[in-house]
Amino acid sequence: MQTETKPKVLNRLNRIEGQVRGIARMVEEDRYCVEVLTQLQAVRAALLRVESEVLKDHLDHCVMGAMTGDDLSDRKAKATELINLLGRASR
């Protein structure tokens, strides 16, 4: 992960961790289901934003580095990794 991306991702993950702890408290306190579901949706959206940031970083750094490099096996490996990743995400 690139140096400038890492702190942003860690900051977002720490906030998500706090949100999840808050949701656990809501469940313990028997809060209204719709309130809990709303917070769960917010966490899911936040995780998707983190996933998008990490994927962008991977494409910009790792994949582009392989595609512009001279190592054919590295290019094939990065392309296969990306295809497999996107295949798992679409399930």
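Side-chain atoms are counted along with the backbone in the values below, which use heavy atoms only and exclude waters and symmetry mates. In what follows, residues are counted from 1 in the order of the sequence shown.
When side chains are defined from C-beta on, M64 does not count as touching L59, because their heavy atoms never get closer than 4.5 Å. V54 has its side chain out of reach of D57: every pair of non-hydrogen atoms, C-beta onward, lies at least 4.5 Å apart. With contacts defined as side-chain heavy-atom distances shorter than 4.5 Å, the pair E51/L47 does not qualify. Within the 4.5 Å cutoff, the side chain of T5 has no heavy atoms near those of the D60 side chain. Side-chain atoms of E81 and H58, non-hydrogen and from C-beta on, do get closer than 4.5 Å to each other.
If you chain together hydrophobic residues whose side chains sit under 4.5 Å apart, I23 and I16 fall into the same group. Hydrophobic clustering, with ILVMFWY side chains joined whenever heavy atoms are under 4.5 angstrom apart, keeps L55 apart from V50. No chain of hydrophobic side-chain contacts below 4.5 Å, direct or via other Ile, Leu, Val, Met, Phe, Trp or Tyr residues, connects L85 to V9.
Looking at every heavy atom in both residues, K78 comes nearest to C62 through CE-O, 4.1 Å. Heavy atoms only, all atoms of each residue included: A46 and Q19 are closest at CB-OE1, 4.1 Å. Of all heavy-atom pairs spanning K6 and M1, the tightest one is CA-SD, 3.7 Å.
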Go through V43 and L40 one step at a time and tell me if the side chain to side chain contact (heavy atoms under 4.5 Å, CB included) criterion holds. CA-CA 5 Å; V43 167; L40 288 168; 5.6 Å; no
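Looking at N11, its side chain never comes within 3.5 Å of a backbone N or O of P7 through a donor-acceptor pair. Judged by distance alone, with hydrogens and angles left aside, the side-chain atoms of T38 form a donor-acceptor pair with the main-chain N or O of V34 at under 3.5 Å.
Ion pairing of E17 with R21 is present here, as a side-chain N (NZ or NE/NH1/NH2) and a carboxylate O approach within less than 4.0 Å. Ionic pairing of R75 and D71 is not present here: no N-O contact between side-chain nitrogen and carboxylate oxygen is shorter than 4.0 angstrom.
How far CG of L37 is from CZ of R44: 9.0 Å, rounded to the nearest 0.5 Å. Going from atom OG1 of T3 over to atom NE2 of H61 covers 8.0 Å, rounded to the nearest 0.5 Å.
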